[in-house]
Structures are given as structure tokens and as C-alpha cells.
Amino acid sequence: MSDYKPQTIEKKWQARWRESRAFEVSEDPDRPKFYCLEMFAYPSGHAHVGHVRNYMIGDVVARMKRMRGYNVLHPFGWDAFGMPAENAAIKSGTHPETWTLENIAHMKGQLQRIGISYAWERELATCQPEYYRWNQWLFLKMLERDLAYRKRSNVNWCPSCQTVLANEQVVNGECWRCGTVVTTRDLEQWFFRITQYSDELLEAANRLGDWPEKVLMMQRNWIGRSEGARVKFALSTSHEPRATSHGIDVFTTRIDTIYGANFILLAPEHPLVQAWSQVPGSEAFRANMQRFQAQDRTARMTGDVEKEGFDTGRTAINPFTGRPVPIWVANFVLGEYGTGAVMGVPAHDQRDFEFARKYGLPITVVVQPASAQGSGGAGSASAQGSGGTGPAETLSSDSMTESYDGPGTLVESGEFSGVPSAEAIDRMTASAEARGLGERTVQYRLKDWGISRQRYWGTPIPVLYCDTCGMVPVPSDSLPVELPRIAEFSGRGDSPLAQVPEFVNTTCPDCGGPARRETDTMDTFVDSSWYFFRFCDPRNTELPFDPDKVAYWGPVDFYSGGVEHAILHLIYSRFFCRVFRDLGMTHLDEPFSRLLTQGMVLKAGQVMSKSKGNVVDPDDMIEKFGADALRLYVMFVAPPEKEIEWTDAGLEGSWRFLARVWRLVDQLAETIGGEGIPPAADLQITDAERALRRKTHGTIRRVTIDLDPRVHLNTAVSGLMELVNELYAFCGRTECLRFGRDGEDTATVGAVESAGTVAVLKEAIESLVRMISPFAPHMAEELWEMLGHTGGIVAAGWPVYDEAVARAEEIVVPVQVNGKLRGRLRVPAGVSEDRLREMAVADPAVARHLEGKTIRKVVVAGGRLVSIVAN
RNA sequence: GCGAAAGUGGCGGAACUGGCAGACGCGCCGGACUUAGGAUCCGGUAGCCGAAAGGCUAUGGGGGUUCGACUCCCCCCUUUCGCACCA
């Protein structure tokens, strides 16, 4: 007899796993593969339970799959570039590399103490030149294919981080990392042409069946495809600067409303606006324009600013009506979307409506809602947009209080009057195309990915600038361009690399003349966009990875991580996967087959964070209750996708459960661990023994399905708890164990006479120990050994259930009368429906509720329930 | 404002395709064993009525479909998340 001492056994098994490289794998075409991955970690210093929950979830899946015979790749690494390291350097003088490596060492220890079954041999850190040289390699490939390009543009700038941010990294106008309000700068920047894949990324999202719908929705919204038309409004005045004489292109999704386009609105950033502001005598114009441009960018983006505009004094010709319309500049028109110009249709667009009312511009109704006449029905036909209250009625520009944005029938629209709007869109677009005034187009919200960062701790962009040759890519064979070791970090000025002359000054590989290196580094999201491929072949020195290895392991079968990456990492990775595909490195379109977004761990209703001082350090919990109890608790307390509220009491409960399992197995180990015990299936057994077998096999079935495919880890644990409860009850009844009869011990082992009892106990307990091992791997290994097995629990495999044993011989069929439960029938499984009907009506408890009534109907539902209707 | 998801005991949560609501755990109550028990084992625990048998009411609220609804449909309320002048 021994007590459950997790600290001792956990150390023992962790050492064994390490020494035997238990989780390293190689390609084996004869076995089904399974690539299980959790989003790798930013080495911030210490992992709290909120972080490690994710790794635990993946580990349960990986361990279970391994036991089920899969060749499981379960690697881990470090997203090791990034600003906190550099900020630490500025603050404390520790070099980013030192800071990063120390953090990695600590966090790796934490993960090992939790017993996550990683193939540590494949560990990688993105700050290693062996890794980031492949970022550079890929960059050069993308440059060749025009997927990487450089342009000057207005970019998001975080004043606190002192760097540029990609659109995806600006959240509500604030920096995703530090929350500082983002401003703009006009800079030369490198971009990745992710928009080349807009349609594919969008369309393929519909086939990612094992991704949470929420994430797919976020991606669809982010890509923001909208179909419409570009239409040209010719300028009606001729005294303009030369380049502007062609006209103004607007983008609209509602060309059917063009007869109501009574004005044109330009973004303050529109080139024409810029040009007009330079015309002599335009001081007032210029002042207005600059005022708009100076308005808080966030407010302008989010609509928090009052809609304002001013008249340019110019007019354009509406290509459908042929009439001149005034051109205004409006602060709510976005320069970066579409053409930066829109047609103003006040009757059918709420913003234009407000604008028109404010400045006294004319409103013309050109779409009437499908009228109620004829349809006779109520609400169904009513306007979805707005247009006052009540059912659809004829709109009039005088009485409208808001725009009508819905579909309808065209009026006042020349040859298109009377045409329904959907059809009108097609016909009018075709008409514009035929006359050379426009074309059908698709607009996306998605922009190219700006990857230049004015920081040190990242991948150097492998290009240089030569006075004679211009921009020159660094030749592939001289990669990597290594980060120079910088001694001091001021946090001021340009890119830190620009301050290192040895780095900057180089010679041009083409002409041999003097050249300067690019001093910006890459966005760290580049690193994480393909690391899952590198794990398949992490030490390759010739290529980012061997295509054959990725062909074997890819795609990632199970990927888990936080939702916060829904439109960052997860969209970039989908993009990179396609780039590698188009380079011929993989056949995969999508990198991740199944995605699970795990919930956060809260403490006192708040997200754990160092600044709030509410972090729970796994090491503290391991010290008290052991890693197995910690893992079990986190898995049991809620489904993986849901957030959980941390409670110490819950953890203690899980510890108690494990101790309960320990006592059970420990006390019976000698009885059931011996040699020559025949399988339970071969023996004549008692009813009680048969009931235990049924529970055992039923539990295997349930837990197996809960884990795979459902990944309902919490209910899998409760299934195991039920089996343990059943085992205790069985042992008490059969006196295998005598509880509470001994002053010193909690239980004593009774004499077990029956071979059947030994056999069913052995079957139940060995199944239990194997099934609990993904959750509590250390204890399971220890118990497995205690039961006399050698070779480890993974080799033992996952238990298999026998459907015939799991099926109950006798079932309880509830009987309802008029929907209320009135009786229960104990019947042999598989009894006929007719027999069930007879028995139900005859049952005394049921009959009482049928007195004085006539039975109208008796429904037998799937042989599992009888429902009687009577009155 | 638009969109999505969710609302179940004191708490975390179960209920797989419409079929016994509350599995499992926490907490609480009781019993056993004990010098003692915050250990362990056993039992109880949605609410209301009732001594009990039993009955009634219950899955945010209100309607509906159905023999039968936590589950499907409509309206409303609340919470969380995402988007937020995208033309």
C-alpha cells in the first residue's frame, strides 16, 4: 500500500520520457499520421495556467491519438522575435537575445513539469538564424514572383512601439499590442501581396468545415468582398490641371440607384482634391481639406466624427442622366477604400441622406420598395432598410426621414424605370460597360500586408540599395543576413539597424559598388506563418523543409490556440501555405484541417495578466497537487472552447479523484496484477460482474467518442469518474475492499474468491488506467507499471469496447401520458413495440392516469419511450 | 446600428440526430469509521405542496409546431464576442 505522491512519480516519468525520447517520431508510411499542434508560444517569461491550458488540450489529443495507433507529430517551439524583448533591452539593458533565451529556458521547464508530450528534439526558436534565414529565402522567392513589393504609402504607425503596423494589427484604431492610438506616416514599406489570394482565401473558407464558424465569419468580414461597378463621372469643366481631365471613378454596389446620384463625394485624400488644393487662390479649399485630414483618424474610421463636407465648386456629369452634379469633399469618405470617391444617392443611402439634408442638396427617389399592393400579405414584403414606419408605401423625397436602402422597383430612371433593382444592377452595369463608362468590379477590404518594421529584434529584410543598381536582392547563397549584435538600445530614432554602420554599409553583389542594406526587419507574423511546416523538418539546411516530409505530416490535423489570431496569424498562415504551394513545395491548400479556439482562464472574472497580479503559476499548483491534478482539473471544469473561472477548490476536487483512483488500483494491484488471469469474456460470470463489464465497455465507448472526434474533454472525464464510482460500489458489494473498518487504513483488501470477479475488475481497471492516461499521464504510467506491465502505457494501446457487452440486456422504458412521465417499464432489450404498448397500458402507475379516458394514440419512440395520448 | 454565439440548481457544467432535464464535479446536509476527522467510505441535495405515496412547477420571458421541445420556428429581454461610415 502506498499513498499517491504526485511530485515523486511525475519527476520519475518525466525523466524517463526525456531519456527515452519518447515522443520523437519519424515518417512511417505504414501508419496513419496525426499532426497535433498548439500555437507556439511567445517567450514572455512565465507561462500562467491561461497559457498552458492550450498545451494541455493538445496534449490530451496527442496522447490519445498515440494510444490509438497514430504516428503523432506533436512539436513545440518559440515565437521568439518581437518587441517585448527589445523593450526589455531598452529598459534594463539586457540584450534581447539573452532575455529571450532565458525566458525560453524557464518556460520550457514549466511545460516539461506539466508533462506535455512534445517532440522536444524538434524545438525551434524563430530568432535563430537557422530559422529566420528561411524567412529571407521565402521573401526572395516572393520578390521574384512579385508577391513582395515596395511602395510608399500612408501606413499605420504606433508612436509607442515606434514602428509600422499592418492593418490586421490595428484594433479599433489602436495598436494590437500596446493599445496606443495609431497614427499614420508616409513611408516606403515592403508589402506582401496577400490580396492576390483574396478570392481563394474567401472561397476556401467555406470548405473549412472543422473550423469554428465564428473564425470563418471573422475572416470573411475581414476580406470583405463586395461586388459592384466602377463608373466614371466626366468632369464638366475644362479649366482643370491636365491629369484630371478624365473624370472621377466611383465604386458602387448600387448602380441601380445612379439616376438618384445628385452629387459626388471625394475623400480628402483623393488625388483630385490634392490637385485642386494647389490651384492658385484656393486657400479656403486647402484649409478645409487639411482640417479634414487632421481629424482624428480613429474617429474618422469609426464614424465618431460628424459628417461634414465642402463644395469644390466643380461639377461632374452623371453618365446616366447626363446632368451635371456638384462635387463635394466629405470627411466620411475613405481614401483607402474603393476609388476614394463615391456617388451620393441621398434617397437610398443613409450617409448621403444626412449629408444632403445638412447642405440642402436635392434628394431624388429612384427606387420604390416593392409595394404591398397585390401581395396582400403583411410584413413580409415590407422594406428591410428603413423609410419610415409601417408597411411599404410610396416614398417621396419631401416626407422621407431616412433613406431607403432596400431593393425595389426603379422609378425616374429613364429606360430602366419599372425594372426590379436586382435586374437593374445587371442591365445598368452592362450598359455602362457598353458605353465605356464603367465596368463590373469586385472590391475587397483586405489590403496587402505591410511587413516592414522599424525595430531590431526581427528578421532582417534581405535586400540592399545600390547607388547604381537600385534595389538589389541579397543573393540566396549568402543568406542568412544575420542580425548584428547591438550593445545598446535607446528606443529612439530610426530603425536600430540603421545605426550600425558595419551592418548598413556593404557592397553591391551586382556591380561591386557601395550599397546600403535595408534596415527594417520583418513583422514577426512572418515567422509564425509557416513554422508548422518547419516542424516537419526542423534541421533542414538546404530548404525551409523537405516537401516529402510536409507531404507526409501535413496538414496539421488538430490545431488549437486563441481566437485573438482569427484574422492575424490564421489568415497569414493560409496565405503562406498557398505561396508554398505555388512554389511547388506542398500540395496543400490549407495548413490546418481542424481548428479549436480554446477559452481563456479567468481569475475572479478577469483575464489573467501580470499587470493585474492575478496569475496562477502552474508550478505553484504542481507543487501542491501535482501536474496530473492540474491537467485533469483544467480539462474537466468546462469544454475546451469555453472560458473557465479558476477555483482552487475545483483543483482540489480533481486531486481527490486521482487519489481515489490511486487507492483503488493500489489496493487491488496484487489481486488483479498477477499472471494467468483469463479474460472476462471467457468466464461464466454473475449478474453483478456482468453489470460491471457493461459499465466498463459502455465507458470505453463513451470516452472514446468524447475524445475522438468530439473533443469533449470535460464529459470524457466525467465518464471516467462514473466508472470509478461504479468500481467502488462493486468492490464494496463484493467485499473486495472493506472500507472504513480499520482504524489505520482507509480500506483493506478482502479475499476475492471468484475468478470472474478478478477478471472483470482487471478489465475495468486496466481500461480505466489507459483511458485516464491522456489526462493524468504520470499517474497512469505509474499505475500501469504497478499492475505488472512493462513497456509503457502508450504501447498498451487504447482499450477497445465490445458493442454487445456495452449494450444493456435490460432497459428501462419511460411511459408518458399526455406528455407527463407516469411510469417506467423494465424490459429486456429489443422487446417488440407491440409488446411495449401492451405493457405500458397495463402498467398500474400508468393505468391510474388512463382511468376514465379514451386512448387516442400510443407512440413508441425508437423502442426507448412510450407516449400515450388520452382524453 | 449590423452580425454571430449563448442564457439550464447555490456554483462549474451534462443531455450525441426532438424522447426520463440536472450526468459528473464543487459546495452544502446527514450517516459510518474514529480520541479526533479538514482524511476516507456510504447516502442525500432544482423549487413548491405532502407524514408518506404521490402531485404540481421548472432549462431568460411570451407565443407556435409536435404524441413529446433545453433542443425546431416567430417575437421580446439579457450577456458575451466580432464588425462598425467599406459606398
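Chain identifiers are assigned alphabetically (A, B, ...) following the order of the sequence lines, protein sequences preceding nucleic acid strands; residue numbering begins at 1 within each chain. None of the values given here were measured: they were computed from a predicted structure. FYI, side chains are in, hydrogens and waters are out, and symmetry mates aren't considered; it's all heavy atoms of this structure.
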Once you round it to whole Å, what is the distance between [atom2] of [N] and [atom1] of [X]?
X      : N     : atom1 : atom2 : value
A/E645 : B/G10 : CD    : C1'   : 15 Å
A/D249 : B/A87 : CG    : P     : 17 Å
A/W655 : B/G38 : CH2   : P     : 15 Å

Ignoring backbone atoms, test whether [X] places a side-chain nitrogen or oxygen under 4.0 Å from the OP1 or OP2 oxygen of [N].
X      : N     : value
A/K857 : B/C67 : yes
A/Y337 : B/A87 : yes
A/Y444 : B/C86 : no
A/S226 : B/A87 : yes
A/K642 : B/G13 : yes
A/N714 : B/A14 : yes
A/R220 : B/A4  : no
A/R864 : B/U17 : no

**OP:** Could you classify B/G9 for me, syn or anti, using a glycosidic angle within 90° of 0 as syn?
**Re:**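 It is syn.
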
Should [X] and [Y] count as an ion pair when the cut-off is N to O under 4.0 Å?
X      : Y      : result
A/E213 : A/R220 : yes
A/R837 : A/D834 : yes
A/K624 : A/E652 : no
A/E641 : A/K214 : no

Original post:
Can you give one letter per nucleotide of nucleotides 51-57 of chain B, 5' to 3': B if a protein heavy atom sits under 4.0 Å from the base, S if only from the sugar-phosphate, - if neither?
Top reply: ---SSSS

Given [options], the nucleotide with the shortest approach to the side chain of [X]:
X      : options             : answer
A/S718 : B/G19, B/C41, B/A23 : B/A23
A/V812 : B/C41, B/G13, B/C20 : B/C20
A/T253 : B/A87, B/C20, B/G13 : B/A87
A/P639 : B/A15, B/G19, B/G13 : B/G13
A/R445 : B/C86, B/A15, B/A87 : B/C86

Just name whichever nucleotide pairs with [N], Watson-Crick or G-U, keeping both distances under 3.5 Å, else none.
N     : result
B/G47 : B/C56
B/C16 : none
B/C2  : B/G82
B/A39 : none
B/A87 : none
B/G10 : B/C26

**OP:** On the 0 to 90° scale, with breaks at 30° and 60°, tag the A/F355-A/W328 ring pair as parallel, tilted or perpendicular.
**Re:**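 Taking A/W328 first and then A/F355, their aromatic rings stand perpendicular (interplane angle over 60°).
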
Expressed in whole Å, how much space separates the [atom1] atoms belonging to [N] and [M]?
N     : M     : atom1 : answer
B/A53 : B/G64 : C1'   : 37 Å
B/G7  : B/A21 : C1'   : 16 Å
B/A58 : B/A52 : C1'   : 23 Å
B/G44 : B/G62 : P     : 33 Å
B/C11 : B/C28 : P     : 15 Å

Between atom [atom1] of [X] and atom [atom2] of [Y], what is the distance when rounded to the nearest 0.5 Å?
X      : Y      : atom1 : atom2 : result
A/I700 : A/L768 : CD1   : CG    : 10.0 Å
A/F233 : A/M343 : CZ    : CE    : 6.0 Å
A/D3   : A/D666 : CG    : CG    : 8.0 Å

Distances under 3.5 Å between protein N/O atoms and the N/O atoms of nucleotides 25-29 of chain B, please, pair by pair.
residue	atom	partner	partner atom	Å
B/G25	OP1	A/N725	ND2	3.2
B/C26	OP1	A/R656	NE	3.4
B/C26	OP1	A/R656	NH2	3.0
B/G27	OP2	A/R656	NH2	3.1

Subject >> Verdict with reasoning, A/N318 to A/Y259, per side-chain hydrogen bond (donor to acceptor under 3.5 Å, both in side chains) >> reply: CA-CA 8 Å; A/N318 182 320; A/Y259 280 83; over 6 Å; no

Original post:
A/F332 ring centre to A/R351 NZ or CZ under 6.0 Å, with the angle to the axis within 45°?
Top reply: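 Geometry flag: not set, cation outside 6.0 Å or 45°.
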
Subject >> With A/D628, the side-chain contact (heavy atoms from CB on, under 4.5 Å) member among A/Y4, A/W655, A/F775 >> reply: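 Answer to the side-chain contact (heavy atoms from CB on, under 4.5 Å) test with A/D628 among A/Y4, A/W655, A/F775: A/Y4.
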
**OP:** Record whether the side chain of A/R351 comes under 3.5 Å of the base of B/A87 through a donor-acceptor pair of N or O atoms.
**Re:**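 Indeed, a donor on one side and an acceptor on the other fall under 3.5 Å apart.
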
Original post:
With nearest nucleotides of RNA chain B determined for A/G862 and A/T715 from heavy-atom distances, which residue corresponds to the more 5′ nucleotide?
Top reply: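 Its nucleotide being nearer the 5' end, the pick is A/T715.
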
Original post:
If you pin A/V637 and A/P814 to their nearest nucleotides in RNA chain B, which one's is more 5'?
Top reply: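 Nearest nucleotide further toward 5': that of A/V637.
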
Subject >> A/A432 to A/I255 - nearest heavy-atom pair and separation >> reply: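 Looking at all heavy atoms of both residues, the closest pair is CB-CD1, 4.4 Å.
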
